Each structure stands twice: as structure tokens, then as C-alpha cells.
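This report refers to the structure that appears directly beneath it.
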Amino acid sequence: MSYTPLQDAIRAQPGTQSLPTADYRGATTAARFADLQQEFSALLNGCGIYDLGFRARISLTGGDRVRWLNGMVTNNIRDLAAGHGVYAFLLNPQGRILGDMTVYNQGDALMVETDRSQVEKIIATFDHYIIMDDVEVTDISERQTALGLAGPRSRAILNIAGIEVPNLKPLQMITPRCNCDCGCVECTVIRGEDEVPESYEIWLAPKDAYKTWQALIAAGATPAGSEALEMQRIVAGIPLYGVDIRERDLPQETEQMRALNFNKGCYVGQEIVERIRSRGNVHRKFAGFVTEGAIAAGAKIVSDDKEVGEVTSVAVLPGGRTVALGYIRREVGLPGREVRIGTAKATVTQLPFAGAAYAQPEDTLLHPA
């Protein structure tokens, strides 16, 4: 895997070569910058800044782009307003998930954002289905990278840095008015999909990533590596494609109903999705678990001596509490239900994890005074 543009710039600075790195979602970036708990706390309670260079962007142009992509993915692209985005799945004809993405309407183009680990398969699938359509698919990932901000102070930090951001709706994008210390960088700012924690993406040219990073840190943001980002993802209950969502999974099993639109008409795999909706629920569902002992991804979930599911992601949080994501039989997976994962007792939990589910009473990092 290649280093992200930001990580390349950081490694070029004196004294930073010893920072631990990790391969994350298709790229190599910083695993952590200092104390993991402080980085995680900043993402929840303050403002954490992180490298989004593992995200890729695919531009769709041509007169048929809206009609064509609307027939490819699970959400409504036809009615997507300019300057807004929507989360969607790409399915095979059997209704299994080939990938996930966020699609943005930029007016003269559609922008598909996904992880770098998914780009090759998504582009190959797109190319397979373009026949006589006026659609051009261009991977622009080398021309654009991104930074992320998360936490309740994120918008304030942007404004302190001189990047003026109004109150945006989830997945709304703007070109901000800048009076910033990062050299009047040309960028796009996007509000994250979840209301809590508040988050933003900044799309910009690779050459501008490091100076913008420095300007936001000077404004008060705390650098956070991929370890803290992964911990935050799990606490938020967001499944990751390739880890929590696999090609064998069906959309309704993932509980990501935000990716589905049942009024948009036909798309690849739509018949299976509609059949599940009309005939009843799938047999298993994505859920959270709070455990009383150490567990590992891949561990089986047992209830009444019967295997009822599996764990896909695990995080050990400040205070020592272990939380996990995974799949469980729907009839067993009721919040509050006690199960066993390996040798550990566990409780099924509604996602996202509520503060009481993962914070210890003495844990002042998650709930500062």
C-alpha cells in the first residue's frame, strides 16, 4: 500500500520518521501521534483532526450519468440535489454487497467517494455495465485528498482557522469562504452524515494537505491516528466494508437502511432487496455487544449453547471496557439479551453505543468535567 499524501509530507519533516504507521482502508497513514486515549477523547469531546487519504474519489461525467448510476446503486441518485450527498450500496444481481460509497451531486458531475481498498472492484463493476451509455468514469484519487475533523468543537476550529463554514445539513458540501492561515487553499468542505459526533471532510489538492493540517492544529485541533479513528468508528456502530460488511451479506442484514430507497425503481440487485422487504426480515442483523472480558474478531456468539452469530470488529476503550460489532440471529439479538462470546459474557446493545455502555465511572477522558 502507498502512503497518503499527508503521511508523505509528515514523514518528510524532521523528527517524525519514528511515528508508527498502519495500513488502513487501502492506504498507509499514521497509526497514532501521541496518547491513544487523548486522541479518542478529542474525537468525541473536542476536535480531532485526521488523515482521510485512504478515501478515493471517482468522477462520473456525461449526459447519462444520473440515470445510469441511479440504475446501479441502492439509493436515489435521480432526485439528489446539487451540493448534497447520499450513502449507497453497489450490489450484484443476487443482491449481495459489492461495495459501499457516498455519492455527491456536484452539478456537472457525480462524485463517488469510497475507500481506496474498494476502488478497483467498483470501477471494474461500473465499466462492466456501461454499454451504450454516455458515462465517463475517472479515478481522480491522485489529484485530490482529504482531511477529517470530528467532535463538538469541529466547526469552531474551522472558523478559528479562517475556513468559514455555515450550519450545514448532513452530507451537504460547500466551497467555503476562506481567510485562513493555510494560504487560501481551494477546498470543499462537507458535513458528516451523523449529527453526533459532528464531523467534516475537507477535500483539497495533495500539495495543500500538510499546510492545512498545520493550520487546523494551530487553531486547536488534536491530531488523531487510524487507531483512534477505528475506535470511534466502532463506538459509532458504523460497519466497515471488507470487515463488517462482506460480499456474502445482504443489505437488510447490515441494518444500514439509510443506504436503501424503495421508491426509486429498478437497479442491479433490486429484486432481491424488494423481495426481502415484502416477505419479511432477514434472519440475522448487525448489532453491538458490550463484553466482560477479552474477545477477538471472528469469535462466535453463543446463546443457550447454540451458535447464533459472529463478531466482526472489537475495540478496547478507555477504562478497559470491550465493545464489539457483529451479526446475530434476529430473534436473539434484542437489546439487553445476554450471550457468550468465547469465554466472555456479553450483552447485546443498540447501536450506536450510548455513553453509559462504554464509559467507566472514573473515565474522565470520555466525560470531562
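Since we're looking at a predicted model, the values are computed, not measured. In this chain, residues are counted from 1 in sequence order. Atoms considered below: every heavy atom in the structure, side chains included; atoms not considered: hydrogens, waters and symmetry mates.
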Between [X] and [Y] (side chain of the first, backbone of the second, donor and acceptor by atom type, cut-off under 3.5 Å), is there such a pair?
{"X": "R65", "Y": "G62", "value": "yes"}
{"X": "K264", "Y": "R78", "value": "no"}
{"X": "R191", "Y": "L168", "value": "yes"}
{"X": "N75", "Y": "F89", "value": "no"}
{"X": "D133", "Y": "D64", "value": "no"}
{"X": "K285", "Y": "G333", "value": "yes"}
{"X": "T291", "Y": "V323", "value": "no"}
{"X": "T349", "Y": "T347", "value": "yes"}
{"X": "E39", "Y": "G225", "value": "yes"}
{"X": "E253", "Y": "R284", "value": "no"}

**OP:** Using a cut-off of 6.0 Å, state whether more than 12 heavy atoms not belonging to K121 lie near its atom NZ.
**Re:** yes

**OP:** Check whether more than 12 heavy atoms from other residues, nucleotides or ligands sit under 6.0 Å from atom CG of D304, and answer yes or no.
**Re:** no

Looking only at heavy atoms, what is the nearest atom pair of [X] and [Y], with distance?
{"X": "I234", "Y": "A315", "answer": "CD1-CB, 3.8 Å"}
{"X": "T312", "Y": "A297", "answer": "O-CB, 3.6 Å"}
{"X": "P352", "Y": "A236", "answer": "CB-O, 3.3 Å"}
{"X": "I202", "Y": "L216", "answer": "CD1-CD1, 3.7 Å"}

**OP:** State plainly whether the residues R279 and E271 are in salt-bridge range, i.e. N to O under 4.0 Å.
**Re:** no

Original post:
Quick one: do E227 and R32 make a salt bridge, cutoff under 4.0 Å?
Top reply: yes

Original post:
What's the verdict on side-chain hydrogen bond (donor to acceptor under 3.5 Å, both in side chains) for R233 and S313, showing C-alpha distance, side-chain angles and the deciding distance?
Top reply: CA-CA 10 Å; R233 177 190 73 81; S313 289; 3.0 Å; yes

Subject >> side chain to side chain contact (heavy atoms under 4.5 Å, CB included) evaluation trace for T138 with R143 >> reply: CA-CA 11 Å; T138 307; R143 289 184 260 156; 3.5 Å; yes

Rounded distance [0.5 Å steps], [atom1] in [X] versus [atom2] in [Y]:
{"X": "T343", "Y": "E292", "atom1": "OG1", "atom2": "CD", "answer": "11.5 Å"}
{"X": "R25", "Y": "S226", "atom1": "CZ", "atom2": "OG", "answer": "10.0 Å"}
{"X": "T222", "Y": "Y50", "atom1": "OG1", "atom2": "OH", "answer": "13.0 Å"}
{"X": "Y200", "Y": "L158", "atom1": "OH", "atom2": "CG", "answer": "7.0 Å"}
{"X": "E193", "Y": "T102", "atom1": "CD", "atom2": "OG1", "answer": "6.5 Å"}
{"X": "L60", "Y": "Q106", "atom1": "CG", "atom2": "CD", "answer": "10.5 Å"}

Apply the side chain to side chain contact (heavy atoms under 4.5 Å, CB included) test between [X] and each candidate in [options]; give the one that qualifies.
{"X": "Y241", "options": "D249, I97, T114, T254", "answer": "I97"}
{"X": "M231", "options": "L44, V316, L317, L43", "answer": "L317"}
{"X": "Y87", "options": "V103, V73, D100, T74", "answer": "D100"}
{"X": "Y104", "options": "L80, V86, L171, V112", "answer": "L171"}

Subject >> Aromatic ring proximity W68/Y129, centre distance under 6.0 Å >> reply: no

Going hydrophobic residue to hydrophobic residue with side-chain gaps under 4.5 angstrom, can you get from [X] over to [Y]?
{"X": "I301", "Y": "Y327", "answer": "no"}
{"X": "I122", "Y": "V119", "answer": "yes"}
{"X": "F40", "Y": "V290", "answer": "yes"}
{"X": "I58", "Y": "M111", "answer": "no"}

Original post:
Hey, mind stepping through N159 and E164 against side chain to side chain contact (heavy atoms under 4.5 Å, CB included) and telling me if it holds?
Top reply: CA-CA 5 Å; N159 289 325; E164 298 181 18; 4.3 Å; yes

Subject >> Working for side chain to side chain contact (heavy atoms under 4.5 Å, CB included), residues Q252 and V273 >> reply: CA-CA 8 Å; Q252 284 98 326; V273 174; 3.7 Å; yes

Original post:
Which of parallel (below 30°), tilted (30 to 60°) and perpendicular (above 60°) describes W213 and F33?
Top reply: tilted

**OP:** I would like to know whether I77 and M72 meet side chain to side chain contact (heavy atoms under 4.5 Å, CB included); could you show each step before the answer?
**Re:** CA-CA 10 Å; I77 308 302; M72 287 293 297; over 6 Å; no

Original post:
Side chains of S117 and D115: donor-acceptor distance under 3.5 Å anywhere?
Top reply: no

**OP:** Using only heavy-atom distances, determine whether the side chains of D208 and T212 contain a donor-acceptor pair under 3.5 Å.
**Re:** no

Original post:
Between R337 and E331, is a salt bridge (charged side-chain N to carboxylate O under 4.0 Å, His left out) present by the stated rule, with each step listed?
Top reply: CA-CA 10 Å; R337 178 72 176 261; E331 68 272 16; over 6 Å; no

